[in-house]
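Okay, so here's the structure we're looking at.
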Amino acid sequence: MQDEYHTVAHAGVHETEVNRSRFLCALAPAATEQEAQDFVAAVRRKHADATHNCFAYVIGADAAIQKASDDGEPGGTAGVPMLQMLLRRDMRYVVAVVTRYYGGVKLGAGGLIRAYGGAVGEALDTLGTHTRRRFRLATLTVDHQRAGKVHNDLHTTGREIRDVRYGEAVTIEIALPDAEVEAFRGWLADVTAGAAGFELGGEAYGDA
């Protein structure tokens, strides 16, 4: 698993113009390939009168699923440069659809590649991206007497608390960067006089 990737927080559209052709880049987060395909279908329905609706998407933190379509543009001049721009920016779980309304001037292969890739790049810059980082999940078990202080200290130090459960003891699930696990283990032992339980779990991604 890679340590971090970038994605978009919400859907949006950015428009550019190249030699009188309009290029509308619609971006959206997509947790699954089906979500990406549904977004593409929705944009195509909205712009059914457009000359082309080309798309690219990347699903998976490791970019396991990558798809692109030129939608009638010359092969490799639209979907591929769009996909390459997403990958160059380390974008994941994202779908881009570039809608073109032809303006009467042919752009040539090189012009199309720059226009489609550039539309995605400009949309990412304008709409904004955020970073998600790989964390180790960890479960802390603390007695009720110490739980309040530990909980407050976790908040104060900016730790991501994912879950708190109350039973005979208090169980707190947090996410830690790999590099900080041992230092955190030592801190927890200090603040609870060694009375807290600490168990490492699996890995997950969270906002950096």
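Nothing fancy with the numbering, it's 1 onward along the sequence. Predicted model, so just to flag it, every value in this text is computed and none were measured. When reading the values below, keep in mind they use all heavy atoms of this one structure, side chains included, and skip hydrogens, waters and symmetry mates.
The minimum heavy-atom distance linking Pro29 with His10 is given by the pair CD-C, 3.7 Å. Closest approach of Ala175 and Phe135 over heavy atoms only: CB-CB, 3.7 Å. Closest of all the heavy-atom pairs between Arg162 and Ala204 is NH2-CB, 4.2 Å. For Cys25 against Ala123, the heavy-atom pair with the smallest separation is SG-CB, 3.6 Å. In terms of heavy atoms, Asp70 sits closest to Gly79 at OD1-N, 2.8 Å.
When the side-chain contact (heavy atoms from CB on, under 4.5 Å) test is applied to Glu199, no partner is found at least two apart in sequence or on another chain. Applying the side-chain hydrogen bond (donor to acceptor under 3.5 Å, both in side chains) criterion to Arg89, with sequence neighbours excluded, gives Asp125. By the side-chain hydrogen bond (donor to acceptor under 3.5 Å, both in side chains) test, Arg146 is found to be paired with Asp143, residues two or more places apart in sequence or in another chain being considered. For Phe39, the ring-ring contact (aromatic ring centres under 6.0 Å, His included) test picks out no residue, with sequence neighbours left out. In this structure Arg22 satisfies the side-chain hydrogen bond (donor to acceptor under 3.5 Å, both in side chains) test together with Glu15, sequence neighbours excluded. When the salt bridge (Lys or Arg N to Asp or Glu O under 4.0 Å) test is applied to Glu17, no partner is found at least two apart in sequence or on another chain. Residues satisfying the ring-ring contact (aromatic ring centres under 6.0 Å, His included) criterion with Tyr5, sequence neighbours excluded, are Tyr93, Tyr205. Every residue meeting the side-chain hydrogen bond (donor to acceptor under 3.5 Å, both in side chains) condition with Ser21, not counting sequence neighbours, appears here in chain and number order: Arg100. Under the rule for a salt bridge (Lys or Arg N to Asp or Glu O under 4.0 Å), Glu168 has no partner lying at least two apart in sequence or in another chain.
A distance of 4.5 Å separates CD in Glu33 from CD1 in Ile65, rounded to the nearest 0.5 Å. Interatomic distance, CG of Asn152 versus NE2 of His155, reported as 7.5 Å (0.5 Å rounding). Between the OG1 atom in Thr7 and the CZ atom in Arg92 there is a gap of 10.0 Å [rounded to 0.5 Å]. Here the CD-CD1 distance, from Glu73 to Ile113, works out to 11.0 Å after rounding to the nearest 0.5 Å.
Under the salt bridge (Lys or Arg N to Asp or Glu O under 4.0 Å) criterion, the residue pairs touching residues 38-54 are Arg44-Asp71, with sequence neighbours excluded.
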### Task
Take Arg159 and Glu180 through the salt bridge (charged side-chain N to carboxylate O under 4.0 Å, His left out) test and state the conclusion after the steps.
CA-CA 11 Å; Arg159 299 296 180 194; Glu180 296 177 22; 2.6 Å; yes

### Task
Could you walk me through whether His52 and Tyr102 pass side-chain contact (heavy atoms from CB on, under 4.5 Å), step by step?
CA-CA 8 Å; His52 305 280; Tyr102 183 58; over 6 Å; no

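Counting Ile, Leu, Val, Met, Phe, Trp and Tyr side chains that sit under 4.5 Å apart, directly or through other members, Val98 shares a hydrophobic cluster with Val8, Val18, Phe23, Leu27, Val58, Met82, Leu83, Met85, Leu86, Leu87, Met91, Val94, Leu107, Leu112, Tyr116, Val120, Leu124, Leu127. Hydrophobic side-chain contacts under 4.5 Å tie Val142 into a cluster, directly or through other members, with Leu140, Val150, Leu154, Ile161, Val164, Tyr166, Val170, Ile172, Ile174, Leu176, Val181, Phe184, Trp187, Leu188, Val191, Phe198, Leu200.
Two residues are said to be in side-chain contact when any heavy atoms from C-beta on lie closer than 4.5 Å; Lys67 and Phe55 meet this criterion.
A distance-only check finds no donor-acceptor pair linking the side chain of Thr171 to the backbone of Thr141 [under 3.5 Å]. A donor-acceptor contact shorter than 3.5 Å is absent between the side chain of Arg132 and the backbone of Glu4.
At most 12 heavy atoms of other shown residues, nucleotides or ligands fall within 6.0 angstrom of atom CZ in Arg114.
Tyr101 and Val13 fall within the same hydrophobic cluster, defined by Ile, Leu, Val, Met, Phe, Trp and Tyr side-chain heavy atoms under 4.5 Å apart, directly or through other members.
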